[in-house]
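Structure first, then comments.
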Amino acid sequence: MVRKPVVSTISSGGYLQGNVNGKLPSLGGKEPPGQEKVVLKKKITLVRGISIIIGTIIGAGIFISPKGVLQNTGSVGMSLVIWTVCGVLSLFGALSYAELGTSIKKSGGHYTYILEVFGPLPAFVRVWVELLIIRPAATAVISLAFGRYILEPFFIQCEIPELAIKLITAVGITVVMVLNSMSVSWSARIQIFLTFCKLTAILIIIVPGVMQLIKGQTQHFKDAFSGRGANIMGLPLAFYYGMYAYAGWFYLNFVTEEVENPEKTIPLAICISMAIVTIGYVLTNVAYFTTISAEELLLSNAVAVTFSERLLGNFSLAVPIFVALSCFGSMNGGVFAVSRLFYVASREGQLPEILSMIHVRKHTPLPAVIVLHPLTMIMLFSGDLYSLLNFLSFARWLFIGLAVAGLIYLRYKRPDMHRPFKVPLFIPALFSFTCLFMVALSLYSDPFSTGIGFIITLTGVPAYYLFIIWDKKPKWFRRLSGKTFTQFWDLLRDRVIENPVYGYTQPHTHTHTHPLMFNNVSKATAH
């Protein structure tokens with residue numbers, strides 16, 4: 001049965017794709033009466049931008065990573081140095097991304113910059129790893145922390161059952177996915193509230209810690225650099241833990257097309273956010289050591305809870321609740337931003353076409369959000385997610401380092417490129433060198449974990465040639481994949497597309513590319 005082509009504009013509920021040239025439809029374009037182009041509207045102001053960055057950075061990391069940083073540095077003093085250095089490095093990376101984001105005004109973050117500089121193959125590998133492993137695993141890890149902390153007040157005297165944690169985690173993941181599917185505005189507003197909760201959680205730790213310092217509780221800072229000597233081979237792992245806690249500074253660049261006045265908003269939001277987070281993180285770690293010794297911190301699985309039980313008494317029950325809200329904010333911010341990465345990749349023809357469709361009325365890329373849900377659930381119930389996240393730290397910082405190195409390349413390759421915001425060249429040079437050096441050194445520090453991450457990353461290369469480049473696929477392969485995609489599309493259409501509220505509209509193109517199949521836009525740009 002041949003499907004008739006569907007018109008690409010409608011006046012009521014449905015989903016549309018961006019223009020065939022890979023750009024979002026212009027807001028100023030003239031449309032026929034009764035029809036309206038569907039775009040991701042510019043609803044992210046400076047305050048919302050700051051809330052996205054801070055809200056995504058401050059999650060479970062600051063409440064868990066101190067143990068990993070201390071374990072791999074060997075002393076209190078060196079761990080505080082690593083936290084400060086990671087904050088400065090994150091600021092350098094964020095400033096570099098501010099230049100990239102204001103010069104290349106497309107959503108997609110790392111993916112878009114790598115595509116612009118290095119071409120479609122590295123960009124596809126980046127989004128391949130992000131789609132299959134990094135984002136589902138990272139969301140699942142943060143969600144597990146959310147589930148554990150939200151149940152903590154109900155299991156004070158006993159251990160929390162693992163099944164209960166995973167069930168409440170699954171509920172939290174589903175709520176986040178639904179929220180990001182329903183409304184950009186509501187998602188951003190809730191993010192502002194959750195950012196307030198995150199800062200409250202940090203202040204609950206910092207204020208008592210400062211009071212402890214005023215009282216002279218500095219015994220754990222004596223001979224701060226003594227203890228087990230820091231091994232250079234442990235520094236990459238300390239770097240991974242520290243940068244994991246700061247991860248999130250790049251997410252505003254994933255939604256560049258939705259930012260109001262991006263030339264001013266993005267740099268300002270980044271600078272304000274990173275200053276707040278770096279100061280807060282260092283003070284939080286100082287607060288920990290006013291009450292907990294290095295040995296006690298290494299024995300704790302949740303340092304914030306250990307700190308609050310030691311110092312806050314009955315009020316310590318509030319800490320797990322605020323930590324849970326902090327984790328929920330990171331889940332929300334991460335899904336909000338990364339769904340836009342998948343949206344952009346599908347526009348470029350490197351992910352199935354359905355992921356580039358956006359809702360006419362809600363202006364949200366619902367298919368891109370939905371695709372994360374089953375993948376995250378698989379990660380949730382698959383086992384040791386922390387190890388899995390460590391595997392992919394290799395890929396994450398490799399591609400971020402490459403993206404920032406691309407900024408240096410563009411300075412020489414395209415010197416006349418419009419750059420509303422420009423950073424001194426030493427900033428991207430130092431950041432990209434540090435990232436790539438630490439990634440290379442981690443192959444010696446932890447060859448098993450980073451080796452697995454390297455292998456998983458490499459699987460993107462044959463996938464690129466299989467799905468994007470290879471035209472002469474065997475008939476059995478085309479028949480099998482076409483039948484599977486068609487059945488899924490029919491199910492989606494019958495259950496969702498024909499619904500007058502949540503309808504889809506397939507964009508009209510000159511080809512009969514199936515909306516769930518990869519198309520060959522990238523192949524054309526590869527030459």
(message) Surrounding CZ of Phe196 (heavy atoms of other residues, nucleotides or ligands, distance under 6.0 Å), is the total greater than 12?
(response) no
(message) In this structure, is the centre-to-centre distance between the rings of Trp83 and Tyr244 below 6.0 Å?
(response) no
(request) Answer yes if the ring centres of Tyr97 and Tyr113 are under 6.0 angstrom apart, and no otherwise. (result) yes
I need the [X] [atom1] to [Y] [atom2] distance, nearest 0.5 Å.
X      : Y      : atom1 : atom2 : answer
Leu311 : Ser316 : CG    : OG    : 10.0 Å
Leu70  : Ser75  : CG    : OG    : 7.5 Å
Leu179 : Met331 : CG    : CE    : 10.5 Å
Ile400 : Ser96  : CD1   : OG    : 11.5 Å
Leu425 : Leu430 : CG    : CG    : 11.5 Å

Electrostatic pair [X]:[Y] at N-O distance under 4.0 angstrom:
X      : Y      : value
Glu130 : Arg396 : no
Glu162 : Lys166 : no
Glu99  : Arg411 : yes

(message) Quick check against the 3.5 Å criterion: does His220 have a side-chain atom that pairs as donor or acceptor with the backbone of Ala294?
(response) no
Would you call [X] and [Y] a side-chain contact if the rule is heavy atoms closer than 4.5 Å?
X      : Y      : result
Met274 : Trp249 : yes
Leu131 : Leu375 : yes
Phe221 : Val76  : yes
Ser442 : Tyr240 : yes
Tyr281 : Ile58  : yes
Phe63  : Thr284 : no
Ile456 : Trp128 : no
Glu263 : Phe421 : no

(request) Would you please test Arg48 and Glu260 for salt bridge (charged side-chain N to carboxylate O under 4.0 Å, His left out) and show each step? (result) CA-CA 10 Å; Arg48 288 180 177 178; Glu260 292 182 359; over 6 Å; no
(request) May I have the step-by-step check of side-chain contact (heavy atoms from CB on, under 4.5 Å) for Leu402 and Val117, ending in yes or no? (result) CA-CA 10 Å; Leu402 285 177; Val117 178; over 6 Å; no
(message) Please determine whether side-chain contact (heavy atoms from CB on, under 4.5 Å) holds for the pair Thr457 and Phe399, giving the CA-CA distance in whole Å, both sets of side-chain angles, and the decisive distance to 0.1 Å.
(response) CA-CA 10 Å; Thr457 302; Phe399 283 104; 3.7 Å; yes
(message) Is it true that Tyr464 and Gln350 share a donor-acceptor pair across their side chains at a distance under 3.5 Å?
(response) no
(request) Could you tell me whether the side chains of His373 and Thr174 share a donor-acceptor contact shorter than 3.5 Å? (result) yes
(request) Please report the closest heavy-atom contact between Val303 and Pro66, naming both atoms and the distance. (result) CG1-CG, 4.3 Å
